[in-house]
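Heads up: the structure comes next, in structure tokens.
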Number of protein chains: 2
Amino acid sequence: MEEGTSKSLTHPEGTDRPGCGPDDEYRARQWDVREGCEVRQILDRVADKWSLLAIALLDCRELRFTELRREIDGISQRMLTVTLRQLERDGLVRRTVHAVVPPRVDYALTPLGATLHETIHALVGWTEEHQDEIAAARAAYDARARCPDGA
Amino acid sequence: MEEGTSKSLTHPEGTDRPGCGPDDEYRARQWDVREGCEVRQILDRVADKWSLLAIALLDCRELRFTELRREIDGISQRMLTVTLRQLERDGLVRRTVHAVVPPRVDYALTPLGATLHETIHALVGWTEEHQDEIAAARAAYDARARCPDGA
DNA sequence: CAGTATCCCCAGTGATACTG
DNA sequence: CAGTATCACTGGGGATACTG
């Protein structure tokens with residue numbers, strides 16, 4: 001691990017990309033693409049299907065464990081617990097335990113989590129917005145696969 | 001489970017929101033959360049770690065198979081192929097085969113893929129921007145776990 | 001170079017049972 | 001209600017070999 005960690009994060013701009021346009025201030029090239037690096041780890045976390053749904057659902061409200069479980073269709077108790085713990089550890093979700101006889105635990109986004117929510121909401125919005133196009137693309141692809149001649 | 005999860009996995013006809021609180025404005029903007037629905041499927045696809053990286057890396061350039069493989073650190077040939085095929089099928093990536101002796105295949109984002117790229121780029125940007133906060137949150141969480149009395 | 005085909009493993013996940 | 005603990009299993013994904 002001592003080997004790759006000191007590798008330069010910036011990619012050499014020497015290699016020219018034809019068709020890329022003049023904007024050389026390529027921000028996408030600058031992120032650390034090494035496996036196991038911080039960004040990759042976080043991406044894996046926030047891009048997790050359950051994390052995504054939990055954050056999207058929490059929005060700006062507090063929800064109880066069971067409420068989340070009911071709202072995130074298909075999630076198991078275990079995965080909800082695991083997901084929530086990870087999000088809490090990452091400082092994205094705040095966990096509030098109420099010392100009452102029937103245990104009550106509320107989950108809410110932290111300010112940091114709220115900023116992520118905006119991005120995730122955009123992703124969900126994109127998905128809703130383009131689902132028809134994707135469905136069409138899939139149909140076209142499958143049709144093309146059946147007709148190798150490409151008609 | 002034979003339990004009362006009577007929500008059908010089929011496409012939701014109409015805008016019925018089972019169990020959705022009518023008095024709550026936040027739930028009103030909720031998307032279709034049913035497992036197996038179109039949005040969930042697409043989300044799982046685009047939120048995939050490899051898809052995410054491929055789209056982020058592709059940006060507006062064409063890249064060859066090997067280039068992508070080299071840039072996406074840690075991906076196996078198999079997963080790159082699989083990922084690229086899925087993205088192509090979803091209409092997010094265009095695959096161009098050049099009929100030359102050493103086979104050459106270029107991958108590029110479609111216009112649809114480009115719109116997704118913007119969202120994904122925002123997600124990556126968020127990750128870069130907040131990685132320190134997350135690292136700090138993790139450290140704090142772990143420290144808290146070690147000191148149970150630190151209520 | 002750019003795949004496809006195969007085998008195979010294990011980590012993530014669900015199911016179940018128990019507890020505070 | 002909100003977990004924790006345990007077990008069992010599946011399929012995601014890596015490694016390898018082969019092909020056009």
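Quick note on labels: first sequence line is chain A, next is B, and so on, each numbered from 1.
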**Report entry** Minimum-distance nucleotide (side-chain atoms of A:P103 versus C:dT4, D:dA2, C:dT13)
**Finding:**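 Of all the options, the side chain of A:P103 is nearest to D:dA2.
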Query raised in the report: Counting side-chain heavy atoms from C-beta on, which of C:dG3, D:dT4, C:dG14 comes nearest to A:R85?
Result: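 My answer, after comparing the listed nucleotides, is D:dT4.
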Can you check whether [X] has a side-chain N or O nearer than 4.0 Å to OP1 or OP2 of [N]?
{"X": "B:R69", "N": "C:dG3", "answer": "no"}
{"X": "A:R78", "N": "D:dT4", "answer": "no"}
{"X": "A:R95", "N": "D:dG3", "answer": "yes"}
{"X": "B:R64", "N": "C:dA2", "answer": "yes"}
{"X": "B:T66", "N": "C:dA2", "answer": "yes"}
{"X": "B:Y107", "N": "C:dC1", "answer": "no"}

Keeping [X] on the side-chain end and [Y] on the backbone end, is there a donor-acceptor pair under 3.5 Å?
{"X": "A:T96", "Y": "A:V105", "answer": "no"}
{"X": "A:R40", "Y": "B:D73", "answer": "yes"}
{"X": "B:T115", "Y": "B:L112", "answer": "yes"}
{"X": "B:T127", "Y": "A:I42", "answer": "no"}

What is the separation between atom [atom1] on [X] and atom [atom2] on [N], rounded to the nearest whole Å?
{"X": "A:L80", "N": "D:dA2", "atom1": "CG", "atom2": "P", "answer": "10 Å"}
{"X": "B:I75", "N": "D:dG12", "atom1": "CD1", "atom2": "P", "answer": "15 Å"}
{"X": "B:D44", "N": "C:dG12", "atom1": "CG", "atom2": "C1'", "answer": "14 Å"}
{"X": "B:L63", "N": "C:dA2", "atom1": "CG", "atom2": "P", "answer": "11 Å"}
{"X": "B:D106", "N": "C:dA2", "atom1": "CG", "atom2": "C1'", "answer": "12 Å"}
{"X": "A:M79", "N": "C:dA15", "atom1": "CE", "atom2": "C1'", "answer": "14 Å"}
{"X": "B:F65", "N": "C:dC1", "atom1": "CZ", "atom2": "P", "answer": "11 Å"}
{"X": "B:E67", "N": "C:dC1", "atom1": "CD", "atom2": "C1'", "answer": "12 Å"}

Query raised in the report: Between A:W50 and A:V101, who's closer to the 5' end of DNA chain C by nearest nucleotide?
Result: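 Closest to the 5' end, via its nearest nucleotide, is A:W50.
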Requested in this report: Would you state whether a donor and an acceptor, one from the side chain of B:Q77 and one from the base of D:dG14, lie under 3.5 Å apart?
Outcome: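 Result: no qualifying N/O pair found.
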Query - Heavy-atom side-chain proximity of B:H121 to B:D59 below 4.5 angstrom - result: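 Sidechains of B:D59 and B:H121: no contact.
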Report task. Sort out the partner of D:dG20 for me: Watson-Crick or G-U wobble, both distances under 3.5 Å, none otherwise. Result ->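 Paired with D:dG20, as far as the under-3.5 Å criterion goes, is C:dC1.
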